[in-house]
Every structure is written in structure tokens, then in C-alpha cells.
Amino acid sequence: DGYSVIHHSNNTSLSGTDYTVVLHAIPGNADNEFLFSYGSGSAVGGGMDIALLDTGKIRTRHSGTTLTGTSVLTTDNETPFSVTVIHRASSSDGKDLKLYVNGALEDYYAGTLPNIIASANTAIAGQDGLATYMFQGKMEEVVVYNQALWVPESEDELILNTADLPYTVD
């Protein structure tokens, strides 16, 4: 168990840009665990994070705005899921922040959200500087784009539905 940290000087920043974060994982349990975080502490201070709550739902935060999914994920060390978070400042559809779980749009923020301006580390399967709230399970893939992908344009680049993933569980 543990988490990975990518230092912000290694060009992994979400700061100052639209972004898309896609991750695929197999959870072992649900206990308010961070899947991905950019910025120290909570996302309230100008960062963003994605977490698996103790209710089995996905939560994402962007500079203090919180979105929560509606699906309750199975946490059995076998069932995979996918999460996609897309941020587009001043989006044409008025939905600047979108949360997709297993390919379905589950929540969005209908308003304008500024880009993140923090300069921080990126943490995968945990939160930088904290030994608590580490993800208990298997992180299969994390992809970060420094642009906001449109879901139709992502069909060739991203797998949004975990049914399409060739998982082998030991």
C-alpha cells in the first residue's frame, strides 16, 4: 500500500489550463480514499481531487466546488470502474466541470469555474504529505490531459466504459 507523488516541476501540472483526468481502478474497500489529487490538503484552496467516499460514491472537488456521483461502486477487489473529470473554463454548454462514472455523466457544475492557479504536486492513490486516506485497491491507469476533451472526441482516445477493459483479477 502507498501512493505516488509526481513533483510539480515535472510538467504534470493542472494549473492554469483546462484539463481531463481519466482513471481506471479496482477498489478493495471504500473509506474516503483519494484516487487522485493535485494540490496540498483539500481542493478548497485552489487544487482538485478525486476520492472514493465511504458510501461507495465518487467525489471530485475543483477549487472548492464539489461534485458527487450517484453510482455506488462495488468494492470487492474484483470489479473495475472508471472515472473521468473534465474541466473547461467558460464552457459553451455552461457546464464547466463534469464527473463521469463508468461512462455516464453523473454530476456537473452549471456555472463558470476558473482554472486552477496552484503550483503543487500530483498524487496518485493518496494525498501528498498525508499517510491517511490512501486508496486500498489497484490503480490500473491514470491519464491526465492538459485540455478539456469532449466526450465524443475521446471515444478513440479513452475507454470510458469499464466493460471494454481487459481486466484479469488474481
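Source: prediction; values computed, not measured.
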Hey, are the side chains of [X] and [Y] touching, using non-hydrogen atoms and a 4.5 Å cut-off?
| X | Y | result |
| --- | --- | --- |
| Tyr19 | Asn146 | no |
| Pro80 | His24 | no |
| Asp107 | Thr60 | no |

For residues [X] and [Y], report the shortest heavy-atom separation together with the two atoms involved.
| X | Y | value |
| --- | --- | --- |
| Gly103 | Ser82 | N-OG, 4.0 Å |
| Ala148 | His87 | CB-O, 3.1 Å |
| Phe135 | Leu52 | CE1-CD2, 4.3 Å |
| Ile26 | Asn77 | CG2-C, 3.4 Å |
| Glu78 | Asp76 | N-OD1, 2.9 Å |

Rounded to the nearest 0.5 Å, what separates atom [atom1] in [X] from atom [atom2] in [Y]?
| X | Y | atom1 | atom2 | value |
| --- | --- | --- | --- | --- |
| Ile58 | Thr70 | CD1 | OG1 | 11.0 Å |
| Arg61 | Leu67 | CZ | CG | 11.5 Å |
| Ile86 | Leu97 | CD1 | CG | 9.5 Å |
| Thr75 | Asp31 | OG1 | CG | 10.0 Å |
| Arg88 | Leu149 | CZ | CG | 8.0 Å |
| Tyr109 | Thr66 | OH | OG1 | 11.0 Å |

Under a 3.5 Å distance rule, please check whether [X] uses its side chain to pair with a backbone N or O of [Y] as donor and acceptor.
| X | Y | result |
| --- | --- | --- |
| Asn32 | Leu53 | no |
| Thr68 | Arg59 | no |
| Gln136 | Asn29 | no |

Test side chain to side chain contact (heavy atoms under 4.5 Å, CB included) applied to Lys57 and Val72, step by step: CA-CA 5 Å; Lys57 296 180 180 181; Val72 176; 4.0 Å; yes
Test side chain to side chain contact (heavy atoms under 4.5 Å, CB included), reference Ile50, set Leu99, Thr84, Val85, output is Val85
